[in-house]
J.: 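Before we start, here is the structure in question, set down as structure tokens.
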Amino acid sequence: MSLDTRTPPVEDHPEDHPGARLEARPERLPAREARRRLEHERASRLTQLRAIGEAGQEAEEQVMAAQKDTLERVLKEIEAALDRVRDGSYGTCPGCAKPIPVERLEILPYTQFCVPCQRKAD
């Protein structure tokens, strides 16, 4: 009985070819993916709101009120983003009319502005 000492075949990866063209990320987040991310964000915030409501008097009231206000604001932003998905304007910055980078939408799916326009708005 002999052992096979041949080197196994190596898989070909695009990163192994510096001159090869890599697939570009899409310029826009697809509506289906945007809805999925927004629904997840909404569910998370609603769960947090329920937890605050259940904590009642045991928790520090000021901290809980601030968290509740923030969660309610974010829920409004999520609902507005879902409206933008429905009307087709999701992913386009109203400040400059340019597409919001997909990376930003992946991190903050309910954002309305690109980073430069957000800085101006703040």
J.: Please enumerate all residues that pass side chain to side chain donor-acceptor pair (under 3.5 Å) together with Glu72, with sequence neighbours excluded.
T.: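 In terms of side chain to side chain donor-acceptor pair (under 3.5 Å), with neighbours along the sequence ignored, Glu72 is linked to no residue.
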J.: Among residues at least two apart in sequence or on other chains, which ones pass side-chain contact (heavy atoms from CB on, under 4.5 Å) with Glu33?
T.: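 Glu33: side-chain contact (heavy atoms from CB on, under 4.5 Å) contacts with Leu29, Pro30, Arg36, Arg37.
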J.: Tell me, which pairs form a salt bridge (charged side-chain N to carboxylate O under 4.0 Å, His left out) where one or both residues lie in residues 84-94, sequence neighbours left out?
T.: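 Applying salt bridge (charged side-chain N to carboxylate O under 4.0 Å, His left out) to every pair that reaches into residues 84-94, excluding sequence neighbours, yields Asp83-Arg86.
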J.: Applying side-chain contact (heavy atoms from CB on, under 4.5 Å), name anything that partners Pro116, two or more places apart in sequence or on another chain.
T.: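 Partners of Pro116 by the side-chain contact (heavy atoms from CB on, under 4.5 Å) criterion, ordered by chain and then number, come out as Cys114.
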J.: Considering all heavy atoms of both residues, which atom of Leu75 and which atom of Leu46 are nearest to each other, and what is their separation?
T.: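 That would be CD1-CD2, 3.7 Å.
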J.: Which atom pair, heavy atoms only, marks the closest approach of Arg28 to Pro99?
T.: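 Smallest heavy-atom distance, with atoms named: NH2-CG, 4.2 Å.
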J.: Write out all pairs satisfying salt bridge (charged side-chain N to carboxylate O under 4.0 Å, His left out) with one or both partners inside residues 113-122, taking only residues at least two apart or from two chains.
T.: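 Salt bridge (charged side-chain N to carboxylate O under 4.0 Å, His left out) check on residues 113-122 returns no pairs.
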J.: Measure across Tyr90 and Ala81 and return the closest heavy-atom pair with its distance rounded to 0.1 Å.
T.: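 Nearest pair, atom of Tyr90 first, then Ala81: CD1-O, 3.8 Å.
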J.: Any side-chain heavy atom of Pro94 sitting closer than 4.5 Å to one from Gln112?
T.: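 SC-SC contact between Pro94 and Gln112 confirmed.
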J.: For a quick test of reading the model, state the closest non-hydrogen atom pair linking Val85 to Ala34 and the distance between them.
T.: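 Heavy atoms of Val85 and Ala34 come nearest at CG2-CB, 4.1 Å.
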J.: By side chain to side chain donor-acceptor pair (under 3.5 Å), which residues pair with Thr111, not counting sequence neighbours?
T.: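 In terms of side chain to side chain donor-acceptor pair (under 3.5 Å), with neighbours along the sequence ignored, Thr111 is linked to Arg104.
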J.: Please tabulate, one pair per line, all N/O donor-acceptor pairs under 3.5 Å involving side-chain atoms of residues 64-71, not counting sequence neighbours.
T.:
residue, atom, partner, partner atom, Å
Thr70, OG1, Ala66, O, 3.0

J.: Quick one: closest heavy-atom pair of Leu105 and Gly91, and the distance?
T.: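 So the two residues come closest at CD1-CA, 3.9 Å.
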J.: Among all residues two or more places apart in sequence or in another chain, which pass the side-chain contact (heavy atoms from CB on, under 4.5 Å) test with Glu77?
T.: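 Here the qualifying residues are Arg73, Tyr110.
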J.: Between Glu39 and Leu82, is there a side-chain heavy-atom distance shorter than 4.5 Å?
T.: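 In short, these two side chains touch, coming nearer than 4.5 Å.
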